[in-house]
Each structure stands twice: as structure tokens, then as C-alpha cells.
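Have a look at the structure below, then the notes.
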Amino acid sequence: MKQRKLFWTAAFLVGAHLMAGLAGFFAPYHYAAQDRLHPYASPSLPHLMDCSGKIHLRPFVYGIRNKQGSFTDYQPDCSAQMPVHFLVTGEEYSLFGLIPSSLHLFGVSGPGEINLLGTDAFGRDQFSRVVYGAQVSLLAGGLAGVLAVFAGVIVGTISGFYGGVVDEAAMRVAEIAIAVPSLYLLLAARSFLPLEISPLMAFLLVISVIGLLSWARPARLVRGLVMSARERNFVLAAQGFGASKSYVMRRHLVPMTFSVALTQLAILIPQFILAEVVLSFLGLGIGEPFPSWGNMLAEAQQYHVLASCWWMLLPGLAPVPFFVAYHALADALQKKTKVNL
Amino acid sequence: MSSSAVQSSRTASLLRAEGLHVEYAAADGARVCALRDVSFSLEPSQSLGILGESGSGKSTLALALMRLLPSNATFTGKIEISGRDLPWLSSSQLRRVRGAELALISQEPALALNPVLSIGRQISDVLRAHSDVSKKEGARRVCEILEQVGFEHPERVMRAYPHQLSGGQKQRAALAQALVCRPSLLIADEPLSSLDTVTQAEVLDLLRRLKHELNLGMVFISHDASALSTICDRVLVMKAGQTAASGTWEQIRTSSDDYVRGLQFTSGASCSDASSRISPPVLNAAPVLEVRNLSKTYVQRQMLSREKFEIRALEDVSVRLMPNATVAVIGRSGSGKSTLVRCIAGFEIPDKGEVLLEGDPVQKRSSVQMIFQDSSTALNPRFTAVQLVAEPLEIARAGSKKERIERALDLMAEVGLEKSWHSRNAAEFSGGQRQRLALARALAASPKVLILDESLSGLDLSLQEQILKLLLDLHARHNLSYLFISHDLRFLPMFAQQVLVMEAGRIVDQIAPNKLWTSSCPATRLLTRVNQQLHARHAEVHS
Amino acid sequence: MRSIRPITPSFLLACLLLPASLARPEGRQQDLLKVSVPVGHPGGVLVVSQSSEPKTLNPVVAVDQPSRDVIRRMTADLVHINRATQKTEPALARSWKSNREGSQFTVELRRGLRFSDGAPFTADDVVFSFQVYLDEKVHSPQRDLLLAGGKPMRVEKLGPYTVKFSFVAPYAPAERVFDSLAILPRHLLEQGYKAGKINQVWNLTTSAEKIAGLGPFRLKQVLPGEKLVLERNPYYWKTDSQGQILPYLNELIFLTVPSRDAQVVRFRAGETQIITQVSAENYSALLADQQTGRYKLYDAGPGLEYNFLVFNLNDDVKGRLPAIAQKQTWFRDQRFREAVSLAIDRAAIVRMVYQGRGVALATPVSPGDKLWFDSDIPIPEYSPEKARKLLQAAGFSWNSSGALTDSSGQPVDFSILVNSGNVQRSQMATLIQEDLKKIGINVHVAGLEFRSATDRVLNSHDYEVALMGLGRGDADPTPDMSVLSSDGDIHLWNMGEKTPATPWEAEIDRLMRKQQVTPNYAERKKLFDRVQAILAEQQPMIFLASPNILTAARDGLENVRPAIMDNYILWNADELFWHTPAGKH
Amino acid sequence: MIRYLSRRLAHGVLLLAGVSMLLFVFQKAAPGDFFLGMRLNPELSGQTLQGLRAEYGLDQPLPQRYARWLGSALRGDLGPSFAYNLPVTTLLWPRIKNTLLLSVPALLISWLIAIPLGLLAAWRRTGWIDRIFSGSTSTLLALPDVLLALLAVLLALRTHIFPVGGMTAGTDAGESTAGLLQHMVLPVFVLVVGSVGPLLRQVRASAIEVMDSSYFRAAQGNGLGRTTLLFRHALPAAANPLISLFGLSAGFLLSASILVEVIMSWPGMGPLMLEAIFGRDLFVVIGAVMISTLLLVLGNLLADVLLYFCDPRIRVQS
């Protein structure tokens, strides 16, 4: 049963990441496509019944037009019915940045747009941006998580295996790494990057810095594990066969940390996804026009958005299914780890 | 108690189990049957022994009787305690039965006591859960029971925490906790297996005494027939979750079933047979292993404390091991045996003294190999069998990968493992097979000296015998010298040429094995006496 | 939520203070200033939010807006710029005379005035104040404005109420620089000044009785990080037309509310009573429920802030930053700059970023600057077609994928550096990115936090194009010299250039220097118009838009006359009053 | 004990020194200094700013500045704030108080919720209760603090039950406890919701470990009641990792609420720290981090002392 749960959560996560990777297909529009006539349009949900009460078989959305004297208040335009189609050709995009395509999962025919989650200040489709934003947020979480765990396993293994002065030094440095706020370093890191690299690259580099800086916690865990592991009989036995230190670490100790590392990864990735939100909130996140869950949510701190555009808060909920899945994965891994050890 | 007495007078049975059936849902969704149609009954103040090899479902039976099965287990069957149907009790009724009428002591007393609560509190909590006693009265009763289980200073024990007690004391405290409410039935799940022989004898004595004093009904679970035979009226033999035999000792003893017999007796014949094959040690040659004046002191520092504790684990210990010889080291737990072998194997660095291999300080560590007590910890669970055996070769960079695998397979065959098992993980082998695997792997390192650190004590009697036979075989074939660590003296005469008795880090007696029972050294005499006590019935049978 | 207490402390205070202020202790003649505004009732409390807390109460060192906003309510100047008319008018100086060339001013002070602690105000205080401001060791930010021709002004006391100021050269804006130069109480500060500790006095931990000024309010209490409470100065020197001593309000409370959006939230919830500045989007949101919210919104028209793109034309990047130096060949071409300007949809910026509450700009001077705006200069039109033609004429072409390439086939792309903390400017950058894509220019928007961005523009010059905004604090061209003159401190497009790099820059330098010494307004205006025309033609900076000054106040607050200078709504705090005397909302 | 504590304190001092040095280096690495921010003001000349820089010693080389700062820090003076012209300690103290006013109750409430709920979840570890539990803790963890705080503001704005921000009403002088409590409700609530998720998981995990142990099964087998089992037996045994976590959380008392404070305009360390970091008000940042680090050190020390009293294995000598 647990195996099955593990399988399904892993399958969900793979699927969700794939969906983010295939954002071009799932998103009806490009993330940067502006519709300057319709900023802050509220979500347009597909209808089956039109203004006159007639039922249609194919779902459709209405176009919108500005209310008198306002830039951001709209009313549905009953005269512009736009049926929803599936697998339509639309704007060009490239899958994984390689395969050019113009096929989209769904879209509407007609002059207007379908905005399942409304539009933002530039009239950009929020749904498309959430889907594309997943790329940035998940990539950020994954990248930083992998780096943190990787660095943590290396430092933790060495520190736990050698003990003594090496361990003492590593742990003192770890304390410092935990105590220092990374914000300061981020300012430095971001400002040193050349400007001509794209905001996406710049952001990924910044998030990598965060990841590398977060080695301390996984390192402590791995260290504890290695410290107990190096006293285990099979490690002693290997040494009894005359094994070198590097052999013992490579063959016995590091593999033993894998499950802890994997669990840490499943715990850290969500944390880094949230870190991205905080960074964006402070204006240190990914730059325009790239969407991320964080910089989309950051817009909601503006009063007018908060007070009158509730849909702008929705990107804040996007991480929820991922977190549930990641935590389920972490739990399942933890249980598995326990059985194995 | 009075109500149960009334009921029991009607049904006349203290415990009746009928058709017990337990299945576990395994992680991969499969169902594993741990207990299959087991039935028995027990009259008040009677005791029933449950005998079986490890994995035969004994512990599942104990948990089922307590209704403490884990959540992935499904139970069917009928259990009546003093006429009440246990599986149908509500959780609050069940709570009232547990501890008051029915109590459990389990395998590992160190794990059965909450490490952060004082003994007194743990016992009085049980008392207070079942009867409305005042604090003072409670303390008195706790004191009383502690005295009854043989503590001399119950007040001190009440304030103590589990880690301050020795293994035997812990088991006694656990016993006090189980018995404080005067239950009519005690389920003892391998209460001896984690104790050293001396303590085993003490606890066994105590149980016998309490059984009489308290009129206790008892279900005693063990893999050790000789210990069981000293306390149980009747016995139930289990095999793979099923009843293999049951009845009085007389009936069991005369059973024709090989399994049932194997659990009780060693066929001394095969052993002596093997010992005849033992090549005599070369006495005049230089010792293959010489340990000179080894001393080792551990310093323990308490967190938050300035004081240091010095534990003198070894004091001026010297050992000489001749080629092809076997030296046994015996002693109570904590006498320094393990430290000695760890120093020899190079896992510890002694403070003083030296370890010489063929006259030189040990150069190649692989020449001295160690077989650990619990082989499951000595084998990396991630490795397959062939990887495990080939590991010493890989480390020594001996031959090509193919050659190494071939050699490993040969070694597996030599120790009696099927070559076709090569891709199994260590966990997929049984205890005895794992010990063979460990041997094969030690041999792969072509050692001169093999240290056997209680290598037999985790195994059932029949398995012990098989491994011993294998050891004797290998001894001859590979020109090995054995350093044999044990607290069980039964096999020594057939095996060792010399016995060293250790106590408190020193060697207090050096003696030939056949003179063990006549030694004048008090430590040796204690060990021999206890062994005799524990295995009294066994000895009887053997003779 | 809040219970109505029978006697609020502030009400009690009003009762106590009122008789005291009516019965002035001396019968001596006082030069009070009578202002003609609608007459109000005394009493009440006004709560206003500030985006960060004041850093100091010391006028000599204060540079940040929150500190200045508070200090200006507590102090007074000799000559004051009327925020509504943008012209100077008498304040502590009853009158002043200047010599013909405009280099010497003789100021007659009002008599019989008192500081808020009751100490009398004389010429000595004026002389002391200027001594402090001009002291080089003090590093007062005000000093720089008091220099003409690089030399400090001289201050002489001619009598107990007469002071003479002289500059070494004619100084056209002289009158205006007296504005907001707080006159300091010599009796409280001289000791600190002599001890060399003038920078440390009057900080947020100083007790209220040690701080005094000539402004309408005086300090009552500081709750660090939270709020600062001012109370009515009973010795203030302005009266309304009926002779009531101003100010009307009993207390003025500055609440620290870190973000502009949170300020709106607090206002909307009724916890503050005015907002100094509202963003256009928030303004629209507030407008929607103005009725239920019981507040009024004010649009004071275009302010003095101007947003612009600036091209990196610094010479020192050559060799040091080759990639940028290469792009500078495009940037140096006036036709390229103009094409970029033509491709930017300024109307869309005004509409999308300012919700229509702003104006497109052709020069740094917005129409809000009543005295210096030149309506003859047209706003650059939005025409990607014209931009394309211009680029073609300048030797650019487009490759097969539609990207603009220069004559050597190099694709034209650049990054726009923007302060990521500024929502409006980030939005502008996003819009411009989209606009320039239409003429084939690929733009990266590089958002950096404020100081990192500023460091690149001012110090390292490691940027290509920057989107920035500057505020013109005073409606006068002189402070613009530091941007426009080629030797200016923040001559953004070419920092630290020794001599003007181009003839048109030389021309700007000449015109700016000339206007500074021309006393006649009409002549100065002509000179500055010419400067604006050159800027509009050469476009070293592409001026984009200027937001309207939008403010809001709760219903019942009277005499609210928002202006585009200084603190937009509090500038006449002494005249504000609650329609209902208790001032309850 | 004294020897141990002094060793830990020495570690703490080492940590403080390391952190401060690192901050100096970082600060140097981040471009621009405090006074750069004033340069875009057309009224200020570069010369004046240069003078101000010199006055604060910003023109000196880094090691020299660090040495000077270290010297004064040892005397208890953490340097001046450039922006406020005040000693950092004077500046920080009231804000630390305000922040603790939020974070300490939030911390305590979170633990008070997490312990019984976590124990219960561990007890009822199968079936739908567990699914709801893990689903809701994951959701709690997934909701960014930013979103929670914004939702709280929205709630306050729509319902008018609670004030939308700040510590006291604008017109209050700040003495009324009732008013203060009213203002505390929402931010504390947001902090609790934001922090209770991981605690719940931790409590549950530790408790499960204990409940899987044979001594717990033995206690169950002895017929102890549920409350006794959970609170008298499971909780003390599961306490070790929780106490360490509790000690660790002391280090975040000052920083955990930064975003909430900013969004809900609580006059604590949050707004000040952000302003100081972005404004390069060096000594304010260093001072704040120093105090945070000190809390971390003290928190760990406190955890050790608590462990000493809670865990007899540490306390009693064998």
C-alpha cells in the first residue's frame, strides 16, 4: 500500500513537472503576450448557457468590454460569444526550448481571449502565466534543493567520517551559515551578475547561490548518520579487509545517506519554492516579463489588486498540490528509510 | 480479581486460545501469514512454554494475546481470558484487563522501559491506572513489588532511571511493572535472550519463585528448550506459524519430528565427529598471533558535567594464539572480551601494549578477520550476496572482476550456500545463512586468524551446531587459528585447546576446557555453575 | 469598535491650551501673519501615514522625505514658496529687498515671535542658523544650495530684526532657496554646535522639551518605529482672517506604515485620515467606493517627478566594458535615440501605469511646473513606422526573423536597468520591452534593487540603458543643473565628463549658467525653454511620463488644497481643520 | 556543567565573530553604500556626501573598519546607524521588544497547538484522520506567509472586526493593553498558521518513533489510560528532538515575522531590517544579525539546559 502511495505521488510529481515543462502546450497564450485593452480582467469561466438562456453544447466564453469611464472595470459582452476549442493552433512556442510547435490544449475562436484566471496589469493571461510560472518556481526549487543536498552530503560525509578537528570546523562554519541572513549575500550576488544575461539565468544563478548556502542543515543530518554508520559492523568489516577511507566513504557511507538525502530533497524543494516567493516579494526575484508564482503573488500586495482583484491571489495557491505531493513523498521515503536502516 | 476468580471457576480455564490466525499486510501489498490456526489453553497457575526457532511466529503470538498487534495485522480467532472474550472487548475494557489480569514482559528489557521516566513512576503509573490508590499507598506497593523481584534497596531503585540499571536489573524492574497489579497471567516473550548467562540464571530463578509465590499463570516464549524445561509444565512447539507439537515435556522429548528434536538436542555425535578431524595445533612453532600487555581505558564524560568516568576495559592482557589452535575467551558481559577482540582486529587502538601477527606488528589488517555476533549488522544491506563475498577481493584488487565473482561463488559454495542465491540481499537470508555468508566473506580475505565474537549465540541450537561443524571444517582446510569469544560453555570442550576467563578487564584464569568445571577461580566457577543451572535439563538429556 | 470616551485626552488638552493661547503673556506688538483662508474651528487630531519613520528631527542633517515632512511642520523659513502658486511669499521675513543685480538681500524679520518653547526669536537665531548650514564640517545638505559661483553666501546681522545676505555673484534663485531652510533656536542648539555635535542633536530619542521651532506644531511624543505625535504650537505666528491663532488642529500624528499599499489599506479602514500620495491604480480602486468610504480624493495634476530612459554615453567604458562601448555607437546616433523614442507608446504608459492620471513628457518639465513648463514643445508621437524609417535612414536593417541589425549585421539588443523595487517603473520597462519588440529590438529588463542600480549608473557605468525617475524638488531650473550641465554631479548620460562632448551639450551648459545669474523671470524662462528644446531634439534621455499627484483625505477635513510640491497635502497643515470641532471621523 | 556551558559560550562568541566578519565582507561585496542613495537628490553635491562618508569612516579600508567596529562592539556599542544618527542599540531595542511581542506568543501558541494535535495524529496514525492531517499540514506549509498576511489584511479590511495593521490605533498613545491585544490578534494568527505546520509534523514524527518503541507498547500492555500514555509517557520520551527544535526557533524569533510585520505594518524589526538592508545601513544590519545570532546561541543553550532537566540519561550519572 505504501509502495503504491509512493508510486502515485512520484507519478503525480513527474506529471506535474512535465506539464510545467510543456507549458507552451497547456497555456493558451504566451506568458508575455499583453492585451493592453484588458488589464485586470476577472476570470472568464466557460459557459454553456448564453445571455438569452439558450443552451449550447460547446462551452464558450464571452468577450468583455470596458464599463463607462473605467480602464479596469468590465462587463461581459453578450454579442461576442467565443466557443472553446481543444487542440487549437495558436501562438508559436517551443517545447523544452527545442521543438517548435503552435498546438495548444485549448483556446477560443473569436476576437477576445479566454482568461481562466483573469488577467494582470498588462492584460496578460494569468492562467498561462501560472503554468509558465511553474517552470521557474519548480526549477528554482529543484535546482536549489539539489545543490543544497549535494553540498550537504559531501560536507556531512567528510565531517562525519573524519570527526575531530575537521568535524569541529565544519560544524562551526555550518552554524555561521545558518545564522547569516542570505539576503545580504543575495544583493551582492545579484548585483555582480552581468546585465546582459537574461533575467531567467540571473535568477537561476541567484537561486543557486541560495541553494549552495543552505548546505548546513542537510550536512548536519548526513553527518549524524555517517557518524553512527562508520561505527556499524559492516563498515568496520570493510576496514578490516584493509579498505581505504575513500573506498569506505564511496561504497558504504555515501550510499547510506541516499535515502536521507532524498528525503531532505523532498523537504527542501518546497522550502525553496517558498523562498522564491519571498525573494520576489522583496523585489529580488525573477525579472519581467518572466512569470513565477512569487512575482505573480507579489503583485497582490498592491492595495487595488488586493481589494478588487481577488484572482490575483490565486498564484499563491499554486504550490499547494506540489507541497502535498512532495510531503507525501518525503513521508513515504522516510518510512522506507526506516525499514532499510 | 475477585470477579475473574468467580468466572474462572466456571470456565476453569485461565486462558483459552482457539484458531488464532494472524496475517500481516506487507509493504508490497502481499499478505504474509504469521500465525495459522494455533489453539491452546492454560489453567490457573500453570505455565505453558512456547518453543520455536526464530521466525516461527512466537512473538506474534505474544502480541496477539495482548491484542497489541501492529495496525497492518489482521487477526481472527478466539482468545478467552478468564472466560472473557478478548477480541471483543472495547478499548476501555481492554485497558482494564491489560496490566491487571494479563501482563507482558518482552525480549529486550532495555527497550521495555521508558528511558526518561523513573522506575518508580513507571510502576506506579500502572498501579494507578488500575486501582484508585493514594500516592503513599502506591509508593508502598511499588516498594513491595520491587522487593519481591529481588531488589535490595527498592527506594533507590524507584528513583533510578532505566539506563542506571544493568540488564538483569532492568528485566527485574520490567517484571515488577508487569506484576504490580497482581495479574493472574504473565506472558513472557523471550525474557532471557538478551541477558548474559549469569543473569539469565538469576532471572529464571526469580521467575520460578514468583510463579509459586503469586500463583501466576505463565506463557513463556523461548527458543531455548533447556531454559524452558526448567520452568514450564507443558510446551507448545511452533514452526512457521503452526503448531508442530504440544504436550508435556515427556511427550515432546519423545517426538519423532526432526524439527522438534532439533530444537532440543544437539547430536553430540556429529560434533565429536568433527572434532576428531581437527588438526592438532603446532605447539612448538611461533605463535601466529600474540597480544602483549594490552591496556585500554575509556574515559566517559557526562554532558553538562565536569566529572570523568574511567572504565578500565583492559588491563595488561596477554594472549598467545598458536597456528591452527583455538583459544576461547569467556566471561560475563562487560568483562572486556569485546574490547580485547576489537583491539586485535584493529577497530580500537589500545593505550598500551602491542598486537603482533607472526611476530610483527599487524601490517595487513585483512589477516585478522572477525565474525560478528549479529551477522545482519556486519553485512551491508545494499549489497548482494556475491558483492558481499567479493568485497575483500575488490578491496585487495585481486584479479579481474570476473575472477573475483567466480572466487566469491566458490567460497559461497564452500560454506554451504547455493551459488544461485548470489543476487539476494543479506536480509533475504536466514540467521544461519547470514553467518555462513559472513564466513565466506572473511575467508575471501585469506585470513590467518578468525575472531568469532559470540558468533553462535544468536542462533538456535541446531543452527549453532551446524555452524560449529562448518567452522571445524574450515579450520582444517584453511589453516586458520580461531579466537573464540563466548559466554556459553557448552561447545568449548570439543573446540578449544585453551580457555581464558576474563573479569573486569583482566585475564583471571587460563585453563584447559576439560578442567573448566573443576577450576578454583571464582569467576570461572560462577560461569560454570550458571551454565550448569541453565542447561540442567539439557545436560540430563544429553547424558 | 472604538468606544466613545466621555473626555478624550486630546480634548482635555485642547481645553487647557486654548485659554493659554488666547491670552498671550505679553502685550507687546507682534508681527503676526494673517492668512486668508476659509475660517475653521480649533481642535481635533489628524492622523497621517508615512512610508518609513522619520530618521531624525534635526533640520541640519535630515535628507529623507519622512523626516523632512515632519520637520517642516515643526519649523519655519524666512521666505516661503506658496505651494499653490509656486511663488515666494513672506514668512518669518516680513519683507526683503534685493540689490539690482540680485546678489544681496536685506531681510526684515517679524517682531515679537517666539519659538515653540516660548523663547523669543531674533536675528541672532537667523545668523546662527546660517552659520550652521554653511559650516563645511557639518556637511549639511542645505549648504550646496547656498553657494553661488562656488562661494558660500555671507550673513550679517544689521539689527535685532534685520539680516543681510550677500552672494559673491548674482544668484537668481536666491529667494527660493530660503524656502524650507528651518530657522534654528540658538538657545537650544548653540552648545551642541560648539561641541561639534550638531549632527547628533535632536534625534528620535531627544525629549520633547529640548526641541523647539517656529512651525505650527511641536513635538509631543515619539513611539519608535510606530508613530510620532506633534501637538499644536501655542506660539505660532499665523492667524486666520478672524484673528484666531493657527493651527486649528490640536495634534498631528505621523504613523509609520511601511508600504504605500498598506497606507491605502489603513486609510480605507479608517485608521488614518489622509494619504500623502496614492498610486494611480489605488486611486482608481479608492474612487470606486468613495461614497461608502466617506473620503474625498484629490487629483492635483501632474507633479514634478519625471521618468525617463537614459542611454549610457559615458566615455570611460571604452576598453573597460567593450560590450557596452560597442553598443554606444548606436546610442550616440541621435537618429537611433529618436527612433526608440518614437517607438515608445507613451499614451499606453500613461494609461496602463497611471490609469490615465499622468502626462506624457517631452522634456523633464511637466505641465505641473506652472512657471517653467514650455507648452510649445510637442510630445513625441507614437509611430513605429516613423521609427523604422528613421532607423533605415541611419543604416539599420532587419534580418529574416525580423530582428533589427546594425550596418555590420550585429543584432540590436540592449538591457534596460530598472529599480525593481519601483512597481511603476518596472511596469514601464515591461511596456517598453513590448514596444521595442515591434521595431525588432530585443530588450532585456534587468531589475536591480535601488542601490545596486544606482551604483551602476553613477559609479561603475556598467549598464546600457537605464529607466529612472527624478524628482524636481523645487519648481526652479537651478537644481536641474546637476543633471543637465555636463559638469553636474549627476549628469547621468555622461558622468564626470570634463568638457562637453557635443556642441549641443556645450549649448545647454551655457544656457543653464546664464539663467542662474539672470534675475529677470521672463529672460530666464526663455533661456530654459531653449534648454528644453535642445533636450527634446537630442534626447540623451527619453522622457516618458509624469504621474499626477493624487491624494486622499477623510470627509470633514477642510481647507485641503493638495499641491504638487513638498508634502502634497500637509503643506498647509496649519490651515487644516475638522468640519466637526471634535474632529471625529 | 559550568565547563560545558563555558565551552558552548565560547562557541557562541566564535560564531558571533564569524558572522560579523562575514557580514562586513558581504556588505563590501554589495555595491553602493548608504550615502549613494542620496546622490540622486539634485540638491546634494558629491562633495557633501564624500564628507559624510568620511565622517562615518566609510572611506577607510575594510579590515580597519572591522577592527574599529569590533573594538566598540566589545564595549557594547554596535556602531551608529547612518540613517538615524543613533547608536544601533538605542535604535534596535524598542523594535526588538515589539517583535518579541509578536513572535513569542506566536511561538508559544504554535507549540501549544502542535503538541496535543501532533500526539493525537501520531496516536491515530491510520485512516482518514491521518490523511486529513498530512494534507492539511502540507497545505499549511504550502501557503506562503505573504499570502496569509495579505488574506488577513483583506479579512480585516472587509469585516472591520480587527484593525488592518499597526500596533496601536493611530490616535492611541499606546498605553491601552486591550487595544494592543486587538492589534496583535491577526499578525499572531498569521504567524501561528505559518509556523504550526512544520511543528505538527515534527511532533507527530517524534511521537510515532516513541509509539513504535517497545516500551510504549509495554506501557500500553500494562493498561495505562490514553491521556497518561500520551502526555506522561510518549511526550517526555519524544521531547528530545522537540526541545532542540524549540531552542533553534529562538534564533528566528527576530526574523520569522519580517514579512508579516512589513505587510501588517507592525513596528518591529522587520521593516527596520528591510530598510537597513536595502539602504546599506551597515551597522544596523550587523547589529540586528548579531542579536539574532545571540538569541540562537542562547536558544541552543536553553535547549541544552532543558534537555538536562528533561532527559535523565543526560542528567543522572551512571
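This is a predicted model, so every value here is computed, not measured. Below, chain A is the first sequence line, B the second, and so on; all start at residue 1.
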Would you say that [X] contacts [Y] through its side chain, given a criterion of any heavy-atom pair below 4.5 Å between the two side chains?
X      : Y      : answer
A:F281 : D:L259 : yes
D:L14  : A:R172 : yes
D:D145 : A:L274 : no
D:I263 : A:Q301 : no

Task: Between D:L157, D:T293, D:L154, the one whose heavy-atom pairs under 4.5 Å with chain A are most numerous - done: D:L154

Open item on the list: So which atom in A:A307 and which in D:R158 form the shortest heavy-atom distance, rounded to 0.1 Å?
Closed with: O-NH2, 2.5 Å

- [ ] Grab the two heavy atoms, one from D:P144 and one from A:G316, that are nearest each other, plus how far apart they are.
- [x] CD-O, 3.5 Å

[X] versus chain D, heavy atoms under 4.5 Å apart: side chain, backbone, both or neither?
X      : result
A:P319 : both
A:F322 : neither
A:E276 : neither

Proximal component of [X], with respect to chain A [non-hydrogen, under 4.5 Å]:
X      : value
D:L22  : side chain
D:L148 : neither
D:L150 : both
D:L15  : both
D:V289 : side chain

Open item on the list: Using a 4.5 angstrom heavy-atom cutoff, name the option from A:L297, A:I267, A:V277 with the most pairs to chain D.
Closed with: A:L297

Open item on the list: Set out, in order, the CA-CA distance, both residues' side-chain angles and the distance that settles side-chain contact (heavy atoms from CB on, under 4.5 Å) for A:F323 and D:L143, then state yes or no.
Closed with: CA-CA 9 Å; A:F323 272 56; D:L143 294 176; over 6 Å; no

- [ ] State the NE2-CE distance between D:H11 and A:M171, to the nearest 0.5 angstrom.
- [x] 12.0 Å

TODO: Starting at CD of A:Q271, measure out to CG of D:L141 and round the result to the nearest 0.5 Å.
DONE: 8.0 Å

